[in-house]
Each structure stands twice: as C-alpha cells, then as structure tokens.
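Any value given below was found using the heavy atoms of this structure, including those in side chains, with hydrogens, waters and symmetry copies removed. Please read all numbers here as calculations on a predicted model, not as lab measurements. In listed order, ligands and their atoms are each counted from 1.
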Amino acid sequence: VAKERGGDSIQMYSYELNERGMSLLELENGLRKALEREEFTLVYQPQVDLRTLNIVGVEALIRWCHPERGMISPLDFIPVAEETGLIHSLGEWVLRQACREIGGLRSEGYSIPRVAVNLSGVQFRDAGIVRLVGDVLREQQFPADRMELEITESMAMYKVEQVMEKLEAFKRMGLSLALDDFGTGYSSLGYLHRFPIDTLKIDKSFISTTEHSAIVGAVTAMAESLKMTVLAEGVEKPAQLQTLQELGCDYGQGYLFSKPLTLSELKEVLADHTRYGNISEVSSR
Ligand code: C2E
Ligand code: MG
Ligand code: MG
Ligand code: MG
C-alpha cells in the first residue's frame, strides 16, 4: 500500500506507524539493530505452472519479526531502509539468505525449482549491484540459472541505458529476470522489447476482478510475441485460475495455491508435492 503513495511516503509512514505506536525514529533504530539481532527472516511463496499446477519456483519475501511489535510488513520498512541506506546491507542479506536456504534444500535432495529475489530500486541503482550478486552466488555456490531477480517497471524505466547494461550483465551471468507489479508503473512499451526480461509478473490488482481479463489477455499476447512468460500475482479464487488458464497465462502465484511459507513449511509442501504431483491437492487437504 505504502509504495503506491509515492512522493510523501515518509510522512505517511510516520503517521501510520505512530498510530501503531512506533515512531519513524524507532523504526530506523530498530532496523539498524535488527540485522545483527537476526530479526529478519525469509518466507517463500510457491509459483505454479497454470497448466500442470506444478511448482516452478518460489519467491523469497522478507519478514521482520520485531521482538516487541511482532511482524512488520516489508511495505512498512523497505522504504525506510531505502531512505536510510540500510537497504544495501539488508538486500545483501536477502540474497545470501535465499542462496543459503534454497541451496541447502537442494543439497538435501529437494528438487527445488528457481528462487525469485526482489531487488529494491535503491539497491538496483547501486553501481556495484551486478558484482554483489555475482559475489554472493559464487560465495554460496548457488547456480545462477536457479535464481530470478525481480525488478519493478518503474526501476526499469529510469535511466534506461544504465538499466539495460545491468540487465544484460545479469543475463550473461545466467540469471533470469522478472518485471514485478507489471501494469502499475509507467512502462514504455517501446522499451519493453529491448529489455532482456524473461517474465512479466502481472500485478494482483489486475487479477482480482474479471473486468481486467481483457488486459490480462492483452499482456499475455504481448508477452508471447516478445518471447516472455507471464506470471499472474495474487491468484486467490478458482474462478480467477480458470480465467487465467483460458487466457493462456503461463504461471500463477497466490493464496489459492499457497501463502508465503516458512522454510520448514516449504519443505513439507515440496515433499508432499513430489508425492502427489499436484499442488492443488496439497493445498486443499
Ligand atoms: P511483491 O514482490 O509484489 O510480492 C507479492 C506480495 O503479494 C507479497 O506481499 C505476497 O505476500 C502478497 N501476496 C501473495 N499472494 C497473494 C494473494 O493471493 N493475495 C494478496 N492480496 N496478496 C498476495 P509481501 O510479502 O507483504 O511483500 C510486499 C512487497 O514488499 C513485495 O511485493 C515487494 O515489493 C516487497 N518485498 C518483499 N520482500 C522483499 C525483499 O526481500 N526485498 C525487497 N527489496 N522488497 C521486498
Ligand atoms: Mg516480487
Ligand atoms: Mg509483485
Ligand atoms: Mg504486486
């Protein structure tokens, strides 16, 4: 919610957080200490092939378990981490933790598909981001072709030439690239075909109502001609799944299949999944 408000976001946060009894200063200071205190954790939401309903990947999503305030949403603290520059160490932690945990599952024998990691705008604009990702992958011995980086439309459309260079460098390393929250930013369709993007993630606001199915259909057709795949975010209802299947949308992610899972919950789902071969059976049990 917060990220949609754009410009005066900080004022809005402090207001909102004061309501919750937490000041911006407290949030900032808390964030600083949270990394050392290991208060962050990653949860993983399965991504599903809409034809077979097999799991094709998981998206890593950060959570802050504050000792007194409980769970704090990334929508509340990522913007503050960006403002304070803490996003650099936080983002590095996310990359390393995703490699460590998903790499761990892989070496335990789970046929773990790809892991998708979100990059923040500030993190992506940093001149050292390509090198950082490469260093973490090497350090963790995590195969680059098992990771997808998610950037948002607005990140991609700012200083396009520099963006292009970074995206191409990521592709040379073997990574996949996704454009997150597609449809909510201001993508220039003229640029889109020049970006080496693998996946368009259609924002959940377009999935929630059937009025938008024409848009979803158009994006799916466009993606096909651009040789990109389409993933629908926020699939919650069987009717939405059916519409998406009819429209030829490739992948889906949402509460219908699974909420974001802790690492141990993910293990269980993957174990069951191998047994049943069908996530809808797993999630409806
Ligand atoms: P996002 O990357 O678009 O992630 C999808 C969000 O939709 C997640 O919210 C997920 O929990 C939620 N979601 C999944 N399925 C459904 C559904 O069926 N219905 C609805 N209504 N929502 C669903 P979450 O985890 O709260 O994350 C919010 C945003 O925070 C993310 O949006 C992403 O922009 C940012 N974020 C999360 N983790 C990270 C991170 O590690 N690094 C960075 N830079 N940003 C992150
Ligand atoms: Mg994402
Ligand atoms: Mg998204
Ligand atoms: Mg979204």
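Side-chain N/O atoms of Q242 and E246 include a donor and acceptor closer than 3.5 Å. For the residue pair S258 and Q45, no side-chain donor N or O sits within less than 3.5 Å of a side-chain acceptor on the partner. Side-chain atoms of Q253 and K204 form no donor-acceptor pair, as typed in the model, at a separation below 3.5 Å. In this model, no donor atom of one side chain and acceptor atom of the other lie less than 3.5 Å apart for T84 and E28. There is a side-chain donor-acceptor pair under 3.5 Å between E101 and Y44.
Taking every heavy atom of D180 and a limit of under 4.0 angstrom, the matching atoms of ligand 1 come to 1 (P), 2 (O), 3 (O). When each atom of ligand 1 is checked for a heavy atom of I78 under 4.0 Å away, the hits are 43 (C), 45 (N). Listed by number with element, the atoms of ligand 1 under 4.0 Å from a non-hydrogen atom of Q45 are 14 (C), 15 (N). Interface atoms of ligand 1 facing P260, defined by a heavy-atom separation under 4.0 Å, are 11 (O). Within ligand 1, the atoms closer than 4.0 Å to a non-hydrogen atom of S120 are 44 (N), numbered from 1 in the order shown. The distance from ligand 1 to the heavy atoms of V94 drops below 4.0 Å at these ligand atoms: 41 (O). Distances below 4.0 Å separate heavy atoms of G234 from the following atoms of ligand 1: 16 (C), 17 (C), 18 (O), 19 (N).
At a heavy-atom distance under 4.0 Å, no atom of K259 approaches ligand 1. Contact annotation for L61 and ligand 1: heavy atoms of both the backbone and the side chain come within less than 4.0 Å of the ligand. Here L90 has no heavy atoms under 4.0 Å from ligand 1, in either its backbone or its side chain.
In this structure, the side chain of Q245 engages the main chain of L50 through a donor-acceptor pair within 3.5 Å. For K166 (side chain) and R125 (main-chain N/O), a donor-acceptor pair under 3.5 Å exists by modelled atom type. At distances below 3.5 Å, not a single donor-acceptor pair connects side-chain atoms of R37 with backbone N or O atoms of H66.
Residue R131 qualifies as open at atom CZ: its count of foreign heavy atoms under 6.0 Å is 12 or below.
Among residue pairs with one or both ends in residues 141-161, none qualify as ring pair (Phe, Tyr, Trp, His ring centres under 6.0 Å); sequence neighbours excluded. Note on residues 198-253: pairs passing ring pair (Phe, Tyr, Trp, His ring centres under 6.0 Å), not counting sequence neighbours, are F206-H212. Among residue pairs with one or both ends in residues 115-141, none qualify as ring pair (Phe, Tyr, Trp, His ring centres under 6.0 Å); sequence neighbours excluded.
Taking any N or O of K204, backbone or side chain, at least one lies under 3.5 Å from an N or O belonging to ligand 1. Residue Q123 places no N or O, backbone or side chain, under 3.5 Å from any N or O of ligand 1. Checking only distances, I87 never comes within under 3.5 Å of ligand 1, N or O to N or O.
Across M71, E236, E233, heavy-atom proximity to atom 3 (O) of ligand 1 is greatest for E233. Closest to atom 36 (N) of ligand 1 by heavy atom, among G254, P74, S73, is P74.
Heavy atoms of K201 come nearer than 4.0 angstrom to ligand 1 in no pair at all. Using a non-hydrogen distance threshold of 4.0 Å, Q253 does not register as a contact of ligand 1.
Within the sub-2.8 Å shell of the Mg ion (ligand 2), the protein contributes these N/O/S atoms: E59 OE2, N118 OD1, E150 OE1, D180 OD2.
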Please determine whether side chain to side chain contact (heavy atoms under 4.5 Å, CB included) holds for the pair I202 and V230, giving the CA-CA distance in whole Å, both sets of side-chain angles, and the decisive distance to 0.1 Å. CA-CA 7 Å; I202 305 184; V230 177; 3.4 Å; yes
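By the 30° and 60° cut-offs, the orientation of the rings of W64 relative to F77 is perpendicular.
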